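Below is one structure, written out as structure tokens; the observations come after it.
Here the structure is a predicted model, which is why all the values come from computation and not from measurement. Residues take their numbers from the sequence shown, with the count starting at 1.
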Amino acid sequence: MRHHALEITLTRQATRAELARAVRVMPLAANHDRTRLMTLAKAKNPDRALSRVHHRLAGLLPVDVVATHYPDADHCVTLAVDFSPDTDSVIRRAAKQAGQSPSAFVEQSIHRALARHARQEAEHLDHALQVLLARTTPARLLAAAGRALAPTPAGT
């Protein structure tokens, strides 16, 4: 069995008492505002690790999403999301209509949304660059980008 690094996103800030109870069940590291946690889970595969953590923390913490922290060989992370009954019903109906399993439907929907976001971000950056290039030369813009990406310590 391998250890899997998992990230847990909570629906709200965990109270100190909730976190103390959860730490008795499994080791957890919390961020500064107790809305995200990290843990290691021993399991044969990431899916089992996610399931194990989700079940152990159910009722102890307001878990929203449990995800693998490191991408796999395909550069993907695995998510475990506990949908409300209404949301689950909508997903199942839409998946059936599309002739897919619910998990495949959600996966493809997420991929499409991420691709759409990447396209929109690229378009936004292209537009912003065109606006900047209308006011300066490519050389000056490139120099400014270099300074922004690799700032030198003050006074050097």
Closest contact, heavy atoms only, Leu28 versus Ile8: CD2-CD1, 3.9 Å
Arg52 side-chain N/O to Lys42 backbone N/O, donor-acceptor pair under 3.5 Å: yes
NE2-CZ distance between His111 and Arg116, expressed to the nearest 0.5 angstrom: 13.5 Å
CG on Leu61 to NE2 on His54, rounded to 0.5 Å: 11.0 Å
ILVMFWY network linking Phe83 to Phe105, side-chain heavy atoms under 4.5 angstrom: yes
Single-linkage hydrophobic cluster, 4.5 Å side-chain cutoff, Ile91 and Val81 together: yes
Test item: Thr9 side-chain N/O and Asp64 main-chain N/O as donor-acceptor pair under 3.5 Å: no
Partner set under side-chain hydrogen bond (donor to acceptor under 3.5 Å, both in side chains) for His69, not counting sequence neighbours: Glu7
Transitive ILVMFWY side-chain link Leu6 to Met1, under 4.5 Å: no
Where Leu37 and Ala30 come nearest, the two heavy atoms and their spacing: CD2-CB, 3.4 Å
Joint hydrophobic cluster, Met26 plus Val23, side-chain heavy atoms closer than 4.5 Å: yes
Considering all heavy atoms, the nearest Leu60-Ala22 contact: CD1-CA, 4.1 Å
Spacing of CG belonging to Asp126 relative to CD belonging to Glu121, to within rounding of 0.5 Å: 10.5 Å
Set of residues satisfying side-chain hydrogen bond (donor to acceptor under 3.5 Å, both in side chains) with respect to Ser89, sequence neighbours excluded: Arg93
Ala49 versus Ala41, closest heavy-atom pair with distance: CB-CB, 4.0 Å
Residue pair Leu40 / Pro27, side-chain heavy-atom distance below 4.5 Å: no
Side-chain heavy atoms of Leu10 within contact of Val63, under 4.5 Å: yes
Separation of Leu50 CG from His55 NE2 (nearest 0.5 Å): 11.0 Å
Polar side-chain atom of His4 near backbone of Thr68 as donor-acceptor pair, under 3.5 Å: no
Straight-line distance of Asp72 CG to Asn45 CG, nearest 0.5 Å: 11.5 Å
Single-linkage hydrophobic cluster Met38~Val53, side-chain heavy atoms < 4.5 angstrom: no
Crowding at CZ, Arg36 (>12 non-hydrogen neighbours, <6.0 Å): no
Distance (rounded to the nearest 0.5 Å) between Leu19 CG and Arg24 CZ: 10.5 Å
For Thr35 against Arg12, the heavy-atom pair lying closest together: CG2-C, 4.3 Å
Residues which pass side-chain hydrogen bond (donor to acceptor under 3.5 Å, both in side chains) with Asp47, listed by chain and number, not counting sequence neighbours: none
Contact summary for Ala14 and Glu18, nearest pair of heavy atoms: CA-OE1, 3.4 Å
